[in-house]
Amino acid sequence: MEEVRVRFAPSPTGSLHIGGARTALFNWLFARKYNGIFVLRLEDTDLLRSTEESSQGIVDGLQWLGLDWDEGPDKGGTFGPYRQSERLPIYNKYLDKLIADGKAYYCFCTSEELQQEKEAARNQKRDYKYSRRCRDLSAREVEERLQQGFRPVIRIKAPDSGTTVVHDLIRGDVEFHNALLDDFIIAKSDGWPTYNFAVVVDDASMKITHVIRAEEHLSNTPKQLLIYEALGLNPPKFAHASMILAPDRSKLSKRHGATSVQEFRDEGYLPEALLNYLALLGWSSGEDRDLWTLNELIPEFSLDGISRSPAIYDIEKLTWMNGHYLGNISSERLLNLIKDQDQMQKYLSEYPREYLLQVLDLVGSRVKTLNEIPAAMQYFCEDVESYDTKGVAKHFTKANVLDILNTVIDIVEKAPQFEASVIEDLLRQQAEVMQLKAAELIHPTRLALSGRTNTPGLFEVMEVLGREKCLQRLKKAVAYIESQE
RNA sequence: GGCCCCUUGGUCAAGCGGUUAAGACACCGCCCUUUCACGGCGGUAACGGGGGUUCGAGUCCCCCAGGGGUCACCA
């Protein structure tokens, strides 16, 4: 079998959109599954919008996700260059061939003239199609105008009858009427190719075998097929996945919150969670299963698992997945992931790494995003300055609360080893002696130590906090309660 | 507006002519439990509408409606 070669060809817009990320993921999985080649190509012929930073945003996003490419702008490869802005000579070669073959022609119509044609069409309520005014200019006329310094565009000669069929691997055969096509522009007056022409030349010259992309490109495909034909080239196979929509069913945009992978990263999501979530958005293995690692997806991935209907993304499920992954990673890695947050910088400078790792061990598994971690760590790293109001009402107002806290103080002082299991045993025994439920000791203690009503398991918290801090906070709580009376 | 694609619970989605129409997230109960989270158990909730074809239709065909995409010297 012919080697599989797929590509991800984004235009550099500064960041990697999650729709693009999913397209990249599907291509990557397909390449890996068939031991093929995944190429990254930057479609930066729109000189105005393309900058070095904007391509870096794409590259960063892919790298963060862990989707590596085999050929690309930074890596090179046998079919480079991999940014369109460096491929002008290649486009020109194909353009010249088309002109020479009489399959495309120079068009000198000005945008004003075109504007008039469009208006006329609108007035007559018919669809606009270029009038083909320049289609039959003689060689001499063309030469003259070129001499005069006119900068023409190049248009392809489109058929006006018949149909073009896209054999889509996901949707089956999709038929388009050629009569709807016009002699569309394939090269701009500045000499650069337009999108439809550039993709074709690039995909063909890079020997792409499967074009896996989003549905927005389906309607463009007949045009591309026309170009393949004019060029005498074999088209690749096409697979058009549906789009990712916002919760209100409209196209995803800024107003819907995070839409780029870097935004998700900044909001505390893990790459494996985002990847897992994206894989399930518009694709299904058919298996009853939600959690997948990248590597597990490779053998399972298949084009016919891609769905035809658009998928609305649901941040709740992503968040759930993120929580799942967060609960399973090592505290070493956790610390590494959050070490650049301001709050963490501070903690890192004040506490030994070992201590923070212990704290993360307790806290990491009950949080949904990375960004919630500093707040969850707070009472481990800062003094308790206030107590949860409801908690006070509930646990600090009982008649015997001072007794209880003093008893706990006693335990803390006397525990032979300051370990969770030891403390727990002592406390439970003591509760029995006092004929109280353990919970009656636990709640006020938790509030005294953390200022909160909910924390990780109290005895683990105590162990990590250490004897001294526990004592100090317990005494502080006693003083607080006494001052309230 | 023309053309194209799509339509199973709120969301993702299984299903590929015969099922009590899976599962996950979210939501609601209950259990576990020192709180929270986790986990376990259970529950609410769906085939857009109308015609066909067929013994039988979520599954096939047609129409309608709705949603999305596309029609640039953007990609």
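Below, chains carry the letters A, B, ... as their sequence lines are ordered, and counting in each starts from 1.
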Would you say [X] places a side-chain N or O within less than 4.0 Å of OP1 or OP2 belonging to [N]?
| X | N | value |
| --- | --- | --- |
| A:R428 | B:U34 | yes |
| A:T13 | B:A75 | no |
| A:S307 | B:A13 | yes |
| A:K129 | B:C71 | no |
| A:K394 | B:U34 | no |

Could you measure between the two [atom1] atoms, the one in [N] and the one in [M], and give it in whole Å?
| N | M | atom1 | answer |
| --- | --- | --- | --- |
| B:G15 | B:A22 | P | 14 Å |
| B:C25 | B:C38 | C1' | 16 Å |
| B:C27 | B:G66 | P | 34 Å |
| B:A26 | B:U33 | P | 24 Å |
| B:C3 | B:A46 | C1' | 31 Å |

Nearest to the side chain of A:I442, heavy atoms from C-beta on, is which of B:G10, B:U34, B:U35?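 Shortest atom-to-atom distance from the side chain points to B:U34.
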
Among the nucleotides B:C38, B:C25, B:C6, which one has an atom lying closest to any side-chain atom of A:W320?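 My answer, after comparing the listed nucleotides, is B:C25.
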
Would you compute the distance between atom SG of A:C134 and atom CD1 of A:I154 and round it to the nearest 0.5 angstrom?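 These two atoms lie 12.5 Å from each other.
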
Please classify the nucleic acid contact of A:Y313 as base, sugar-phosphate, or nothing, using heavy-atom distances under 4.0 Å. nothing

With sugar-phosphate meaning primed atoms plus P, OP1 and OP2, does A:L180 contact a base, only sugar-phosphate, or nothing at under 4.0 Å between heavy atoms?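 Sugar-phosphate: the residue A:L180, judged by heavy atoms under 4.0 Å, touches backbone atoms but no base.
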
Look at the rings of A:Y106 and A:F108 and say which category their plane angle falls in: under 30° parallel, 30 to 60° tilted, over 60° perpendicular.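 Because their plane-to-plane angle lies in the 30° to 60° range, the rings of A:Y106 and A:F108 count as tilted.
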
Answer yes or no: side-chain N or O of A:S219 and base N or O of B:C3 forming a donor-acceptor pair under 3.5 Å.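 Answer no: no donor N or O sits under 3.5 Å from an acceptor.
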
Look at the side chain of A:R308 and the base of B:C6, then say whether one donor and one acceptor between them are separated by less than 3.5 Å. no

May I ask which nucleotide in the shown strands pairs with [N], Watson-Crick or G-U wobble, both distances under 3.5 Å?
| N | value |
| --- | --- |
| B:G1 | B:C71 |
| B:C41 | B:G29 |
| B:A24 | B:U11 |
| B:C47 | none |

Salt-bridge present (A:R41, A:D203; N to O < 4.0 Å):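 A salt bridge links A:R41 with A:D203.
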
Does the distance from a Lys or Arg side-chain N to an Asp or Glu carboxylate O, for A:K317 and A:D290, drop under 4.0 Å? yes

Candidate list A:F301, A:F26, A:Y277, test ring pair (Phe, Tyr, Trp, His ring centres under 6.0 Å), partner A:W283, passing option: A:F301

Show the nearest heavy-atom pair for residues A:T453 and A:G391, with the distance to one decimal. CG2-CA, 3.6 Å

Let me know the distance between CD1 of A:I315 and C1' of B:U11, rounded to the nearest Å. 13 Å

5'-most by nearest nucleotide on RNA chain B - A:S250 or A:N454: A:N454

Along RNA chain B (nearest heavy atom to each residue), the more 5'-positioned of A:H177 and A:S111: A:H177

